[in-house]
Structures are given as C-alpha cells and as structure tokens.
Amino acid sequence: MRLRLYIWIFVGVVVAALFTVIGLMYYTFNVEPFRLRVNRLPVEISGIDQPVKLVHLADLHRSENVPLSHISRAVDMAVAEKPDLVCVTGDFVDFDLDGSEEYVKVLSKLSAAAPTYACLGNHDYGVWAMNGHSRNPDLKDKIMRLLKDSGIILLENRKETLLVNGQEIVLTGLGNLWSGKVRPENVLDINNDSRPASPVIVLSHNPDSKDMLKKYKWNLMLSGHTHGGQFRAPLLGSTPFSPVLDKSMTEGLHQWNGRQIHITRGVGNLFGARFNCRPEISVLNLQ
C-alpha cells in the first residue's frame, strides 16, 4: 500500500515537472518575445537646455522568428511617444532582407514622426560578419537602400549636427565593431578635458566599442547588440549568453569614464526566444 502511494507521488511529481517545462518553453518561445514594453528614463547631459525626447530602438531582427507585424507594433508604440528624435542602433534583419517594400512602409512611420538616424549592426553586414568577413556581401547594400527608402539617415563613421528644440546636438554614427568598421578618428575629436561645444551622441551597435572611444570627446553612446541578455536568470539577473566581453553592460543606462552609455534590450531576438527579458522601446528624456 505504501509502495503504491510512493509510486503515485513520483508519477505526480514527474507529470507536474513535465507540464512546468512545457509551460516555460511555450512562454519563452511564444509569449515573452512579443511582450513589448516602453522603458522611459531621464538622462542628464551637459549642454541640453530644452528637454529632448529621444526614442532608442535596436535589434529589430526581421526574420521568420520576428515577423514584420511585431516590428510594426514596436514602431507604432515608438511613434505614440511623440519623439523629437529617433535613433536605431543596428541589426535590422537576421540573415537576409526579403519583402523590403513592406518593411519600408513600417520604418517610414519613424521618419515621418521625427528625424530618424541609424547605424548598422553585425547582422546588417551579412550573417554576423565576424572579423570583417561576410557570407552575404550584398546585404549591406540592401540595408542601405532600405534605410534610404524609409527616410532614415545612415551614419556609418559619419556625423551630423542637428537643431533639436532650438539647440545643437551632434550625432555620430560608427561602423560595427565585429565587422572591423569602427573609425572614431574620422568623426570624433580627441578629448582634451574640455566639454564639447554641443552634446555629442554616438550611435554604435556593440557597447564593447566603448574601449575604442576612450580618448575621444563624447557625452552619450547608444547601443544594442546584447538583447538585454535575452535570457536573464531569475533572482540572479545574470546574462550568461550576452555576446559582449563586458558582461556588466548588457542593458540600461551606465556611467563610464565621465560619459554615459545606454544599451536597449531591443525589439527582436535570435532563435525566437526570450526569458525574463522582455523586448523594449527605450525612451530617453534628455535634460
């Protein structure tokens, strides 16, 4: 009799564990990747006299796992914030670009709402583009056409001075670190301990690129690439799969060598999964 009870208890535990695993897997692949949130935070920058609302997006990763409908919803949520400026820090696709006309219609809503600027991510150079090598060399040109047709200005080792709410802001976009395309010497001034005449915001997909910018003058860097870790260990908050060397910077606003770095979790994902790390639209209230 007691043996039969133990057997039933064991079976109950196994069944409960099985349903728990199935439930977690379903949530990880079918629920959380699409639970977009808006993350608003204040950012104090020297030289900002009038508040500027900057929407920061990254890692759209259009693919079979990240449908255009999801990206469109993120764009609609971003536009609803009524931004003064939009910055998109790379990885517009996962492996290739298909159906660009529909993608243009979605992205054009950003540039119609506010001046929109972008840099490229490693996926935009073709299948991760490690060490400057691409297995899809035509992809970059496709992405560049996509951005141009969408009214989004690409800054690849290039800068522009904007007038936003009556004040000058310098936007500097860098090439992607993994692709060996970061050229700060072409667009940033050497740091001489004096403040920049106007606030300098750097767009750089991979936050690890900060180590190449130590000697240059800038105020705020906007990055993506990490997806916030994509998987965050409950309670511990660790992100073991973050594709960066500096694991202390996987999301949020960080102080670094007298500057600030903001890393957004991004809109899309890789492999169709997220756990304890919802996708986001970041709204930075510069002041």
Review point. Of all heavy-atom pairs between A114 and P83, which one has the smallest distance, and what is that distance?
Key: CB-O, 3.4 Å
Check your understanding: M221 versus Q260: any side-chain heavy-atom pair under 4.5 Å?
Key -> no
Point to revise | Stepwise side chain to side chain contact (heavy atoms under 4.5 Å, CB included) check, V283 with N39 | key: CA-CA 6 Å; V283 181; N39 185 27; over 6 Å; no
Review point. By ring-ring contact (aromatic ring centres under 6.0 Å, His included), which residues pair with H56, not counting sequence neighbours?
Key: H262
**Study point:** salt bridge (Lys or Arg N to Asp or Glu O under 4.0 Å) contacts in which one or both residues fall within residues 235-250, not counting sequence neighbours
**Key:** K210-D246
Check your understanding: Which atom names give the shortest non-hydrogen contact between N176 and S179, and what distance separates them?
Key -> ND2-OG, 3.0 Å
Point to revise | Test side chain to side chain donor-acceptor pair (under 3.5 Å) applied to T264 - qualifying residues, sequence neighbours left out | key: E280, S282
**Study point:** Donor-acceptor contact present, side-chain D91 to main-chain N122, <3.5 Å
**Key:** yes
Review point. Can you check whether Y26 reaches V31 side chain to side chain, under 4.5 Å on heavy atoms?
Key: yes
Point to revise | Whether T28 side chain and A273 backbone form a donor-acceptor pair below 3.5 Å | key: no
Review point. With sequence neighbours excluded, what pairs up with D84 under the side chain to side chain donor-acceptor pair (under 3.5 Å) test?
Key: N165
Exercise for review: May I have the step-by-step check of side chain to side chain donor-acceptor pair (under 3.5 Å) for S209 and S204, ending in yes or no?
Suggested key: CA-CA 7 Å; S209 61; S204 186; 2.6 Å; yes
Check your understanding: Atom OG1 of T89 and atom CD1 of I263: how far apart are they, to the nearest 0.5 Å?
Key -> 10.0 Å
Point to revise | Working for side chain to side chain contact (heavy atoms under 4.5 Å, CB included), residues D208 and L245 | key: CA-CA 7 Å; D208 279 342; L245 296 176; 3.6 Å; yes
Check your understanding: Taking atom CD of E44 as the centre, does the number of heavy atoms from other residues, nucleotides or ligands within less than 6.0 Å exceed 12?
Key -> no
Exercise for review: Look at the side-chain heavy atoms of Ile, Leu, Val, Met, Phe, Trp and Tyr, link any pair under 4.5 Å apart, and say whether L174 and I190 land in one connected group.
Suggested key: yes
Exercise for review: Using side chain to side chain donor-acceptor pair (under 3.5 Å) as the criterion, list what pairs up with E64, not counting sequence neighbours.
Suggested key: none
Point to revise | Euclidean distance, D211 CG relative to N206 CG, rounded to 0.5 Å | key: 10.0 Å
Point to revise | D76 and K109 ion-paired at < 4.0 Å | key: yes
Study note, to complete from the structure: The salt bridge (charged side-chain N to carboxylate O under 4.0 Å, His left out) partners of R259 (sequence neighbours excluded) come to none
Check your understanding: Closest heavy-atom contact between S111 and G151?
Key -> CB-O, 3.3 Å
Check your understanding: Would you say E32's side chain and N276's backbone share a donor-acceptor pair under 3.5 angstrom?
Key -> yes
**Study point:** Heavy-atom pair with the smallest gap, counting every atom of G224 and P207
**Key:** O-CD, 3.6 Å
**Study point:** Flag, side chain of S72 to backbone of L68, donor-acceptor distance under 3.5 Å
**Key:** no
Check your understanding: Does T226 use its side chain to pair, donor to acceptor, with the backbone of G228 at less than 3.5 Å?
Key -> yes
Revision key, fill the gap. All heavy atoms of V267 vs all of A74, minimum pair found to be CG1-CB, 3.7 Å
Review point. Are the side chain of N219 and the backbone N or O of P199 linked by a donor-acceptor pair below 3.5 Å?
Key: no
Check your understanding: So, R62 and E102, do they make that salt bridge, N to O below 4.0 Å?
Key -> no
Point to revise | L146 vs Y103 side-chain heavy atoms within contact, under 4.5 Å | key: yes
Check your understanding: Would you find a donor on one side and an acceptor on the other, under 3.5 Å apart, between the side chain of Q50 and the backbone of Q167?
Key -> no
Exercise for review: Flag yes if V244 and I261 sit in one hydrophobic cluster, no otherwise; membership is Ile, Leu, Val, Met, Phe, Trp, Tyr, and two members link when side-chain heavy atoms are under 4.5 Å apart.
Suggested key: no
Review point. Are H61 and F92 close enough that some pair of their side-chain heavy atoms sits under 4.5 Å apart?
Key: no
Point to revise | Backbone of L188 reached by a side-chain donor or acceptor of K217 within 3.5 Å | key: no
Revision key, fill the gap. Note: with side-chain heavy atoms under 4.5 Å as the link, the other cluster members for L155 come out as L41, V43, I45, I48, V52, L54, L85, Y117, I153, L162, V164, I169, L171, I201, L203, L220, L222, L253, L284, L286
Practice item. Mind running salt bridge (charged side-chain N to carboxylate O under 4.0 Å, His left out) on E156 and R183 for me, showing each step along the way? Key: CA-CA 9 Å; E156 186 180 30; R183 300 287 184 270; over 6 Å; no
Point to revise | Close side-chain approach of F271 to F29, heavy-atom, < 4.5 Å | key: no
Point to revise | Least distance between heavy atoms, P184 atom then L213 atom | key: CB-CD2, 3.5 Å
Check your understanding: In the single-linkage hydrophobic clustering (I, L, V, M, F, W, Y; side-chain heavy atoms under 4.5 Å), do F34 and M77 co-cluster?
Key -> no
Practice item. Please test K214 against M212 for side chain to side chain contact (heavy atoms under 4.5 Å, CB included), starting from the C-alpha separation and ending with a verdict. Key: CA-CA 6 Å; K214 288 180 179 178; M212 297 181 65; over 6 Å; no
Check your understanding: Parallel, tilted or perpendicular for F275 and Y27, by the 30°/60° rule?
Key -> perpendicular
**Study point:** Side chain proximity check, R274 to R35, heavy atoms < 4.5 angstrom
**Key:** no
Review point. Do L110 and L57 have side-chain heavy atoms sitting under 4.5 Å apart?
Key: yes
**Study point:** ring-ring contact (aromatic ring centres under 6.0 Å, His included) involving H225 - partner list, sequence neighbours excluded
**Key:** W178, H205
**Study point:** W256 vs M249, side chain to side chain contact (heavy atoms under 4.5 Å, CB included): CA-CA, chis, key distance, verdict
**Key:** CA-CA 10 Å; W256 183 80; M249 291 195 183; 3.7 Å; yes
**Study point:** Test ring-ring contact (aromatic ring centres under 6.0 Å, His included) applied to F241 - qualifying residues, sequence neighbours left out
**Key:** F231
**Study point:** Atom CD of Q255 with >12 non-hydrogen neighbours under 6.0 angstrom
**Key:** yes
Check your understanding: Under the side chain to side chain donor-acceptor pair (under 3.5 Å) test, which residues partner E251, sequence neighbours left out?
Key -> R232, R265
Check your understanding: Measuring from D138:CG to L97:CG, what's the distance to the nearest 0.5 Å?
Key -> 11.5 Å
Practice item. Give a yes or no on whether the backbone of N186 and the side-chain of R158 come within a donor-acceptor separation of less than 3.5 Å. Key: no
Practice item. Check whether any side-chain N or O of S63 sits under 3.5 Å from a backbone N or O of N65 as a donor-acceptor pair, and report yes or no. Key: yes
Exercise for review: Please determine if K142 and D124 form a salt bridge, counting it only when a charged side-chain N lies under 4.0 Å from a carboxylate O.
Suggested key: no
Point to revise | With H254 via ring-ring contact (aromatic ring centres under 6.0 Å, His included) - residues at least two apart | key: none
Review point. Using a side-chain heavy atom cutoff under 4.5 Å and only I, L, V, M, F, W and Y, what cluster partners does L163 have?
Key: none
Check your understanding: Are C277 and H227 close enough that some pair of their side-chain heavy atoms sits under 4.5 Å apart?
Key -> no
